[in-house]
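Right, one structure below, let's go through it.
Heavy-atom basis, side chains included; hydrogens, waters and symmetry copies ignored.
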Amino acid sequence: MNHFDVKQEVTDKYSLRGRVFNKLREDILGGKYEDHEELKEAAIGEEMGVSRTPVREAFRQLELEGLIQIIPNKGAYVTGITEKDVKDIYMIRSLLEGLCARWATEHITPEQMDEMEENVYLAEFHAGKGHLDQLAQLDNRFHDILYEACDSKILEHQLKAFHQYVLRVRKKTLASVNRGPKSNEEHKQILEAIKAGDADLAEDLANRHMINAYENMVKSGLHEAYLRYEAQAAQD
């Protein structure tokens with residue numbers, strides 16, 4: 001007689017739902033699905049090799065995060081990230097990044113410090129060469145190192161989630177030749193403050209870094225980009 005392990009069954013169920021949720025979330029934030037596009041349970045289930053149940057459960061979780069809207073008797077539709085969402089996320093991130101830099105000052109390991117220094121050095125090199133793709137990748141990695149160095153799984157998870165939310169929009173900021181080198185210079189200042197053990201300064205610099213990133217995004221045409229998208233969506 002087979003032994004039925006209820007705990008294992010529940011664990012497997014939620015693990016499957018979690019995998020489906022994370023994949024869909026990644027696809028939405030990565031641009032696989034357009035705003036207002038319908039997500040079809042059957043097609044997604046077939047693509048992922050799962051039944052409709054974990055897809056339906058993932059939809060409910062995505063709706064709680066504001067990434068999709070479930071309309072009864074119609075379906076699930078991608079809502080995307082609004083212009084106001086972008087501002088809200090950056091303002092919240094500015095506070096959390098400051099706290100992260102403060103804690104990183106206290107907990108960063110020698111290995112993490114070495115990688116952060118190398119990251120800033122490489123970014124300076126690629127900025128000088130005009131290698132914007134490499135600069136964007138290094139910018140992402142700098143923040144990952146900072147998040148890992150704060151020694152808080154909760155804060156690291158939250159900041160990485162916010163980072164993902166605005167990744168597509170943020171790339172437009174780094175596409176600016178002026179912002180890329182400036183962003184790395186701000187990284188260097190944060191690095192030096194952490195290296196000097198100055199938690200107050202590291203917090204202030206990391207906080208300002210996020211506000212600068214958002215302000216540059218606005219100057220680079222964030223509002224205009226959303227207006228163009230809304231006009232195009234209205235025509236479709």
Inspect the surroundings of NZ in Lys160 and state if more than 12 heavy atoms from other residues, nucleotides or ligands are less than 6.0 Å away.
-> yes
Can the ring centres of Tyr77 and His36 be said to be less than 6.0 Å apart?
-> no
So which heavy atom on Pro181 is nearest to which on Leu135, and how close?
-> N-CD2, 4.2 Å
Verify the neighbour count for atom CD1 of Ile154: are there more than 12 heavy atoms of other residues, nucleotides or ligands below 6.0 Å?
-> no
Glu37 versus Lys32: any side-chain heavy-atom pair under 4.5 Å?
-> no
Does Asn216 use its side chain to pair, donor to acceptor, with the backbone of Asn212 at less than 3.5 Å?
-> no
Apply side chain to side chain contact (heavy atoms under 4.5 Å, CB included) to Glu57 and Phe21, showing your working.
-> CA-CA 8 Å; Glu57 291 171 340; Phe21 165 74; over 6 Å; no
Got a salt bridge between Asp88 and Lys84, using NZ or NE/NH1/NH2 to carboxylate O under 4.0 Å?
-> yes
With side chains defined as the heavy atoms from C-beta onward, is the minimum distance between Lys195 and Ile108 less than 4.5 Å?
-> no
Treat each ILVMFWY residue as a node, draw an edge where side-chain heavy atoms are under 4.5 Å apart, and state whether Val120 and Leu122 are in one component.
-> no
Are the side chain of Thr79 and the backbone N or O of Gly66 linked by a donor-acceptor pair below 3.5 Å?
-> yes
Tell me, do Tyr33 and Ile68 make a side-chain contact under 4.5 Å, heavy atoms counted?
-> no
Of all heavy-atom pairs between Ala101 and Leu146, which one has the smallest distance, and what is that distance?
-> CA-CD1, 4.1 Å
Would you kindly say whether Ser183 and Asp139 are connected by a side-chain donor-acceptor distance under 3.5 Å?
-> yes
Side-chain touch Arg25/Ile28, heavy atoms, less than 4.5 angstrom = no
Check whether more than 12 heavy atoms from other residues, nucleotides or ligands sit under 6.0 Å from atom CD of Glu118, and answer yes or no.
-> no
Checking side chain to side chain contact (heavy atoms under 4.5 Å, CB included) for the pair Arg19/Met48: CA distance, chi angles, key distance, verdict?
-> CA-CA 10 Å; Arg19 289 198 297 271; Met48 295 189 182; over 6 Å; no
Heavy-atom distance under 4.5 Å between the side chains of Met217 and Tyr90, does that happen here?
-> yes
Within a strict 4.5 Å, meaning less than it, do heavy atoms of the Glu26 and Asn22 side chains meet?
-> no
Closest non-hydrogen atom pair between Leu24 and Ala58, with its separation = CD1-CB, 4.1 Å
Under-4.0 Å salt bridge between Glu38 and Lys74 = no
Hey, is Arg141 close enough to Glu148 for a salt bridge, meaning N to O under 4.0 Å?
-> yes
Side-chain heavy atoms under 4.5 angstrom apart, residues restricted to Ile, Leu, Val, Met, Phe, Trp, Tyr: same cluster for Leu138 and Met113?
-> no
Would you check if the side chain of Glu117 reaches a backbone N or O of Asp114 as a donor-acceptor pair within less than 3.5 Å?
-> no
Go through the steps to decide whether Glu215 and Arg208 satisfy the test salt bridge (charged side-chain N to carboxylate O under 4.0 Å, His left out), and finish with yes or no.
-> CA-CA 10 Å; Glu215 289 177 348; Arg208 187 67 233 178; 3.0 Å; yes
Distance (rounded to the nearest 0.5 Å) between Gln69 CD and Leu39 CG = 12.0 Å
Evaluate the side-chain proximity of Tyr214 to Arg93: yes if any heavy-atom separation is below 4.5 Å, no if none is.
-> no
Is there a path from Tyr121 to Ile145 through hydrophobic residues (I, L, V, M, F, W, Y) whose side chains come within less than 4.5 Å of each other?
-> no
Do other residues, nucleotides or ligands put more than 12 heavy atoms under 6.0 Å from the CD atom of Glu46?
-> no
Determine the minimum heavy-atom distance between Asn184 and Ala123, stating which atoms define it.
-> OD1-CB, 3.0 Å
Verify same cluster id: Phe142, Phe125 (apolar side-chain graph, 4.5 Å) = no
Inspect the surroundings of NE2 in His107 and state if more than 12 heavy atoms from other residues, nucleotides or ligands are less than 6.0 Å away.
-> yes
Cys100 to Leu159 - nearest heavy-atom pair and separation | CB-CD1, 3.7 Å
Nearest 0.5 Å, what's the CG-CZ distance between Asp198 and Arg102?
-> 9.0 Å
Residue pair Phe59, Leu67: steps toward the side chain to side chain contact (heavy atoms under 4.5 Å, CB included) verdict = CA-CA 9 Å; Phe59 279 5; Leu67 290 177; over 6 Å; no
Hey, quick one: are Leu95 and Ile89 part of the same hydrophobic cluster, counting side-chain heavy atoms closer than 4.5 Å, chains of contacts allowed?
-> no
Got Lys188 and Glu185 here, is their nearest side-chain heavy-atom distance under 4.5 Å?
-> yes
